[in-house]
Amino acid sequence: MKNKNDIIWLDSTDSTNAEAKRRISELDNLSVLSTLSQTKGRGQAGNTWSSDDSKNLLFSIVIKFGEGISQRFRAYDQFAISQIASLAVTDFLSEMGIEAKIKWPNDIYVNDRKICGILIENSLRGKWLSESIVGIGLNINQKNFDVTIHNPTSLSLETNMKEYDIHTCLEDLTIIFRKYWERYFIIEDGLNVLSRLYLSQMWRMDEMHQFRDLTSGIIFTGIIRGITDFGHLIVEDADSGTKKEFGFKEIGYLI
Ligand code: BTN
């Protein structure tokens, strides 16, 4: 069923990212595929994503880089997709009265609790980005989580157990995402502006915290100072003052 704003709602599927990939040839740029229930929800690094049925947002947005824009994007630019997805979610939550932050690279946190996870799968044609599937799991009405889930929260838990209509939430969030796309991917120099915005919303930015260097296993005290053009995290070692860059899965936060 296709309804307003091009959102395709499915009662159930294995994973909206997998379903979007299967239907990629029939989906237009910025189409949204959403479900009430996932049987094999996928998370980052091969993890699973679990959600009670009909409680949360589980959806994927398809980006087709050949459509609607003349500019071409390099593989190198793929971090910008994480940035628009993360900022769209923090803006949506801000409209709902919640101050959320982006835990690099693209988890969304409210204080020290995770409210949203994002899984982006990109396809390249040579050195150019051709398609991206942006999978977003945003906890809305769920109040009890499995004990194996680390520090979860939901919109309802953050707002005195209020209940939300998930269809309306998705329509609102989709509108914000599409605005980000138009604002930053279509105009020249948009990506630089986007990086500055992303930095302004980063969780634990310029604060002293403990981290684990996942390559050496060493725990150290550091301060997040920014991100590189490539999307790597820059952390200053609090003892030595030296700055180091970390890729995804090269650094862990101690929460
Ligand atoms: C993470 O590990 O934090 C990323 C979780 C991403 C979950 C969403 S739910 C909708 C989409 N479909 C999936 O199978 N995964 C993403």
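For ligands, and for the atoms within them, numbers begin at 1 and follow the listed sequence. It should be emphasised that the depicted structure is a prediction, and the values quoted were computed from it without experimental measurement.
- Here the shortest heavy-atom distance to atom 11 (C) of ligand 1, taken over Ile120, Asp14, Thr16, belongs to Thr16.
- Of the candidates Asn29, Leu30, Leu173, Ile84, Arg178 forms a side-chain contact (heavy atoms from CB on, under 4.5 Å) with just one, namely Leu30.
- Counting atoms of ligand 1 from 1 in the listed order, those under 4.0 Å from a heavy atom of Gly43 are 1 (C), 2 (O), 4 (C), 5 (C).
- Of the N or O atoms in Arg42, one or more lie within a sub-3.5 Å distance of an N or O in ligand 1.
- Of all protein heavy atoms, the one closest to atom 5 (C) of ligand 1 is Trp49 CE3, 3.4 Å.
- Applying the 4.0 Å criterion to heavy atoms of Asp107 picks out, from ligand 1, the atoms 3 (O).
- Checked for salt-bridge contact, Glu250 and Lys244 miss the test: no charged N lies under 4.0 Å from a carboxylate O.
- Residue Ile118 touches ligand 1 through its backbone alone, judged by heavy-atom distances below 4.0 Å.
- Remark: minimum distance from atom 1 (C) of ligand 1 to any protein heavy atom is reached at Gln44 N, 3.5 Å.
- Aromatic pair Phe246/Phe211: centroids not less than 6.0 angstrom apart.
- Lys40 contributes no side-chain N or O that, together with a main-chain N or O of Gln38, makes up a donor-acceptor pair within less than 3.5 Å.
- When each of Asn56, Thr153, Asp53 is checked for a side-chain hydrogen bond (donor to acceptor under 3.5 Å, both in side chains) with Gln142, only Asn56 meets the rule.
- Within a 6.0 Å sphere centred on CD1 of Ile218, other residues, nucleotides and ligands contribute 12 heavy atoms or fewer.
- The 12-atom threshold is exceeded at NZ of Lys143, counting heavy atoms of other residues, nucleotides or ligands nearer than 6.0 Å.
- Each of the atoms 11 (C), 12 (N) of ligand 1 lies under 4.0 Å from some heavy atom of Asn17.
- Residue Ser15 approaches ligand 1 through these ligand atoms, each under 4.0 Å from one of its heavy atoms: 12 (N), 13 (C), 14 (O).
- Shown in contact with Gly41 at under 4.0 Å from a heavy atom are these atoms of ligand 1, numbered in order with element: 14 (O).
- Here the protein heavy atom with the shortest distance to atom 12 (N) of ligand 1 is Gln38 OE1, 2.9 Å.
- In this structure a side-chain-to-backbone donor-acceptor pair under 3.5 Å is present from Asn141 to Tyr164.
- The single protein non-hydrogen atom nearest to atom 3 (O) of ligand 1 is Lys114 NZ, 2.7 Å, given as residue, atom name and distance.
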